[in-house]
Amino acid sequence: MVSEKLDLRILKTKRNIYSTFESLMKKFSFEEIKVSDICELAMINRSTFYAHYNDKYELLKEYIESLKDMLASELEKNTNINNSKEYYLEMIRLLFNHIENKKETYSAIMKNNKNSITMDILYDVINKDVINQIKEKNENKGTNVPLDIVSKFYLGAVINICTEWITSSKYSKDELLRYFDILISDNLFC
């Protein structure tokens, strides 16, 4: 029973630190954020922060991993696909939905942190998903195109369009999904 209460307190404290960090990331670049800022806004002592994290870099790493896990979890819903075009269109739709649910966070992070954090998140998760899909379907057999080139080809398009959508309101999500449907060929090899 004591262990449960302790775990719950730890969980609540970490959640408080995490949400405070996320709100600061929406306003400032990572470099501008100090542990003292996090502690002040979260209303905790510095010793409490350091009981959970060695430094703000460890907190950032956990933050990025959390966003990656959420995105990966969303992309796992991409099942029941008949061909590679369906896979890519559904993957892009799931990605856009994920970003739309956290658009304020992604927009602020990109604006304040020069895209690097967001790009790392998107690149890592989508790259793994595309490579796994190609391997699972064994679809690039006989194409003479290496797996990493195929992945980077589609990844570049998806991430660049995603970045455009996050940073500008020029096109709606539905418009971009229609454009992807037109641009992605029906007879893709991966």
Side-chain angles (χ1 to χ4, degrees), residues 3-78 90-130 132 155-174 176-177:
S3 159
E4 270 184 45
K5 285 185 181 181
L6 181 64
D7 290 344
L8 186 57
R9 282 190 315 202
I10 290 170
L11 183 63
K12 285 180 180 179
T13 301
K14 286 187 91 164
R15 192 175 291 154
N16 181 26
I17 292 170
Y18 184 85
S19 65
T20 300
F21 179 67
E22 185 173 47
S23 69
L24 287 169
M25 288 283 287
K26 291 177 183 178
K27 297 175 185 165
F28 306 103
S29 72
F30 174 73
E31 292 78 22
E32 294 174 305
I33 299 170
K34 298 179 196 95
V35 171
S36 59
D37 298 329
I38 297 167
C39 294
E40 184 179 322
L41 193 58
M43 295 186 287
I44 60 170
N45 294 321
R46 287 174 68 90
S47 60
T48 303
F49 177 89
Y50 288 115
H52 299 286
Y53 300 100
N54 291 324
D55 52 30
K56 71 177 191 174
Y57 298 95
E58 186 178 344
L59 175 59
L60 176 65
K61 181 180 177 192
E62 184 177 296
Y63 177 77
I64 291 170
E65 289 305 314
S66 172
L67 286 173
K68 284 181 181 181
D69 290 345
M70 283 189 278
L71 178 55
S73 180
E74 284 300 310
L75 294 180
E76 286 175 4
K77 296 175 183 174
N78 194 357
E90 182 63 9
M91 183 261 296
I92 294 164
R93 188 186 67 72
L94 291 167
L95 172 65
F96 277 25
N97 289 343
H98 166 78
I99 291 172
E100 188 172 53
N101 290 334
K102 297 195 80 50
K103 193 166 185 180
E104 182 184 332
T105 300
Y106 278 104
S107 295
I109 292 170
M110 287 180 75
K111 182 179 132 209
N112 293 322
N113 295 281
K114 303 181 182 41
N115 299 345
S116 64
I117 294 170
T118 303
M119 291 303 102
D120 288 347
I121 294 165
L122 297 178
Y123 183 86
D124 286 351
V125 176
I126 296 170
N127 188 52
K128 285 178 189 168
D129 194 68
V130 169
N132 288 339
L155 196 56
V158 171
I159 286 180
N160 282 313
I161 298 299
C162 237
T163 302
E164 177 68 25
W165 179 61
I166 291 170
T167 58
S168 106
S169 56
K170 188 174 179 179
Y171 302 103
S172 73
K173 176 179 81 171
D174 291 333
L176 291 174
L177 290 171

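All heavy atoms count here, side chains included; hydrogens, waters and symmetry mates do not.
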In terms of heavy-atom contacts, M91 and I126 come closest through SD-CG2, 3.9 Å
Mind checking the CD1-CD1 spacing from I92 to I99? Nearest 0.5 Å is all I need.
11.0 Å
A quick test of your reading: do over 12 heavy atoms of other residues, nucleotides or ligands sit less than 6.0 Å from CD of E40?
no
With L11, which of K14, R9, R15 fulfils side chain to side chain contact (heavy atoms under 4.5 Å, CB included)?
R15
Value for CE (M43) from OG1 (T20), rounded to nearest 0.5 Å, stands at 8.0 Å
Approximate separation, where rounding is to 0.5 Å, of L67 CG and K102 NZ:
6.0 Å
Output the distance between atom CD (E74) and atom CG (N101), rounded to the nearest 0.5 Å.
7.0 Å
side-chain contact (heavy atoms from CB on, under 4.5 Å) against K68, all qualifying residues, sequence neighbours excluded:
I64, E65, I121, D124, V125
Look up atom CG in N97 and atom NZ in K77, then write down how far apart they are to the nearest 0.5 Å.
8.5 Å
Starting at OG1 of T13, measure out to CD1 of I44 and round the result to the nearest 0.5 Å.
7.5 Å
Does the Lys NZ or Arg CZ of K56 fall within the cation-pi geometry relative to F30 - under 6.0 Å from the ring centre and within 45° of the axis?
yes
Main-chain N/O of Y123 paired to N127 side chain as donor or acceptor, under 3.5 Å
no
Taking D37 for the side chain and I33 for the main chain, is one N or O donor matched with an acceptor at less than 3.5 Å?
no
For residues 46-54, please give each side-chain donor-acceptor pair under 3.5 Å, one per line with the distance, not counting sequence neighbours.
| from | atom 1 | to | atom 2 | distance (Å) |
| --- | --- | --- | --- | --- |
| R46 | NH2 | Y50 | OH | 3.4 |
| Y53 | OH | E62 | OE2 | 2.8 |
| N54 | ND2 | E58 | OE1 | 2.9 |

Applying side chain to side chain donor-acceptor pair (under 3.5 Å), name anything that partners S66, two or more places apart in sequence or on another chain.
Y18
Is a donor on one side and an acceptor on the other found under 3.5 Å between the side chain of N16 and the backbone of K12?
no
Test side-chain contact (heavy atoms from CB on, under 4.5 Å) applied to D55 and V35, step by step
CA-CA 7 Å; D55 52 30; V35 171; 5.7 Å; no
Do M25 and F21 have side-chain heavy atoms sitting under 4.5 Å apart?
yes
Contacts of E90 that satisfy salt bridge (charged side-chain N to carboxylate O under 4.0 Å, His left out) - sequence neighbours left out:
R93
Which residues pass the side-chain contact (heavy atoms from CB on, under 4.5 Å) test with D69, sequence neighbours left out?
none
Those residues that, when tested against Y171, pass side chain to side chain donor-acceptor pair (under 3.5 Å) (two or more places apart):
none
